[in-house]
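A, B, ... follow the sequence lines: proteins, then strands. Residue 1 opens every chain. None of these values were measured; they are calculated from a predicted model.
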There are 2 protein chains.
Amino acid sequence: MSITSDTLRGHTDAIILTRLLAGDSYGYAINKGVQECTGGAHSFKEATLYTAFRRLEENGLIRSYWGDEGSGARRRYYAITAEGRQACRQHVEEWESTKHLLDAMLSDA
Amino acid sequence: MSITSDTLRGHTDAIILTRLLAGDSYGYAINKGVQECTGGAHSFKEATLYTAFRRLEENGLIRSYWGDEGSGARRRYYAITAEGRQACRQHVEEWESTKHLLDAMLSDA
DNA sequence: ATTATATACATTGACAGGCGAGGTATATCG
DNA sequence: CGATATACCTCGCCTGTCAATGTATATAAT
């Protein structure tokens, strides 16, 4: 059973940015990483993923460049920018407080 | 500083249902309750709130009826149904796992 | 050779939830 | 009489997700 994507909405960008903190990567690998770190419970739909990349780049939070693989399918690599790091930190902070708020709002007190 | 509503999206219905677990209530009061239990950090926009009520009733998770206040503005009361309780429990369960997943996905491991 | 599977990227159009902006009505306080 | 709080409602826009569809390379199986 996977997670309702509505509850993940709004976290997509931050999840991707977090993945890029460790170093440049490309779409397919990033998604595999997400899959791995959630024990297979979540991965992005391709449309969602690539839409997010466009959005993030438009907002200056990532940069992209084509890799120079000798063989195999081409890969577009992404690098997080300084602004991206900042945005990521901020989102994680916000997540911490959202978490507590939601815990409060979803508890039958 | 309030919470980005995108990160709350998908929780709206469950938050309302949770509020109704304690007993029947009406829109304005429900929203006040949310405000209170979050220390003022969150409350629903009216459009969001009433849209949610319609949706919840369509889905059979709540029932509604007009109160018989002798004076003052009329109030439409809402009652959670058995299905609503079930849906609420399920959402809270899902929230627990989503929370852990997000913690994992937002941690720079 | 052909088929299947994994890797890898991309776009289009539909859909759903949140909400700004606007509206209605009652009661109280100054 | 006007302001504020209570109390409800709807229309139409915006944004993020995703099913469907398309392209291309490499490998393993049939």
Any salt bridge between B:Glu58 and B:Arg55, counting N to O under 4.0 Å?
->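 The answer is no: the pair does not qualify as a salt bridge.
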Under 4.0 Å between a side-chain N or O of A:Arg54 and OP1 or OP2 of C:dA10?
->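 Yes, such a contact exists.
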So, is A:Tyr50 near the phosphate of C:dC9, with a side-chain N or O under 4.0 Å from OP1 or OP2?
->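 Yes, within the criterion.
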B:Arg75 side chain, from C-beta outward: closest of D:dC9, C:dA10, D:dT6 =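 Of D:dC9, C:dA10, D:dT6, D:dT6 is nearest to the side chain of B:Arg75.
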Are B:Tyr28 and B:Phe44 co-members of a hydrophobic cluster defined by side-chain heavy atoms under 4.5 Å apart?
->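 No, it is not one cluster - the side chains of B:Phe44 and B:Tyr28 are not joined through contacts under 4.5 Å.
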[X] [atom1] - [N] [atom2] separation (whole Å):
X: B:Tyr77; N: D:dT6; atom1: OH; atom2: C1'; result: 12 Å
X: B:Leu49; N: D:dT6; atom1: CG; atom2: P; result: 15 Å
X: B:Tyr65; N: D:dC8; atom1: OH; atom2: C1'; result: 16 Å
X: A:Leu56; N: D:dT17; atom1: CG; atom2: C1'; result: 15 Å
X: A:Glu58; N: C:dA10; atom1: CD; atom2: P; result: 14 Å

Ring centroid separation A:Tyr78 to A:Phe53 under 6.0 Å =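 Between A:Tyr78 and A:Phe53, the centre distance is under 6.0 Å.
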Mark up nucleotides 18-30 of chain C, 5' to 3', with B wherever a protein heavy atom is under 4.0 angstrom from a base atom, S wherever such an atom reaches only the sugar-phosphate, and - elsewhere.
-> SBB-----SS---
Under 3.5 Å, is there a donor-acceptor pair between the side chain of [X] and the main chain of [Y]?
X: B:Thr38; Y: B:Val34; value: yes
X: B:Asn31; Y: B:Gly27; value: no
X: A:Thr98; Y: A:Glu94; value: yes

Identify each donor-acceptor pair in which a side-chain atom of residues 14-25 of chain B lies under 3.5 Å from a protein atom, sequence neighbours left out, and give them as a table.
from	atom 1	to	atom 2	distance (Å)
B:Thr18	OG1	B:Ala14	O	2.7
B:Asp24	OD2	B:Tyr65	OH	2.5

Whether over 12 other heavy atoms sit under 6.0 Å from B:Gln35 CD =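 Yes, the 6.0 Å shell around CD holds more than 12 heavy atoms from other groups.
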For DNA chain D, which residues in residues 19-37 of chain B have a heavy atom at a distance below 4.0 Å?
->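 Listed by number, they are B:Tyr26, B:Gly27, B:Tyr28, B:Lys32.
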Which heavy atom in B:Thr7 sits nearest to a heavy atom in A:Gly10, and how many Å separate them?
->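 Closest heavy-atom pair between B:Thr7 and A:Gly10: CG2-O, 4.3 Å.
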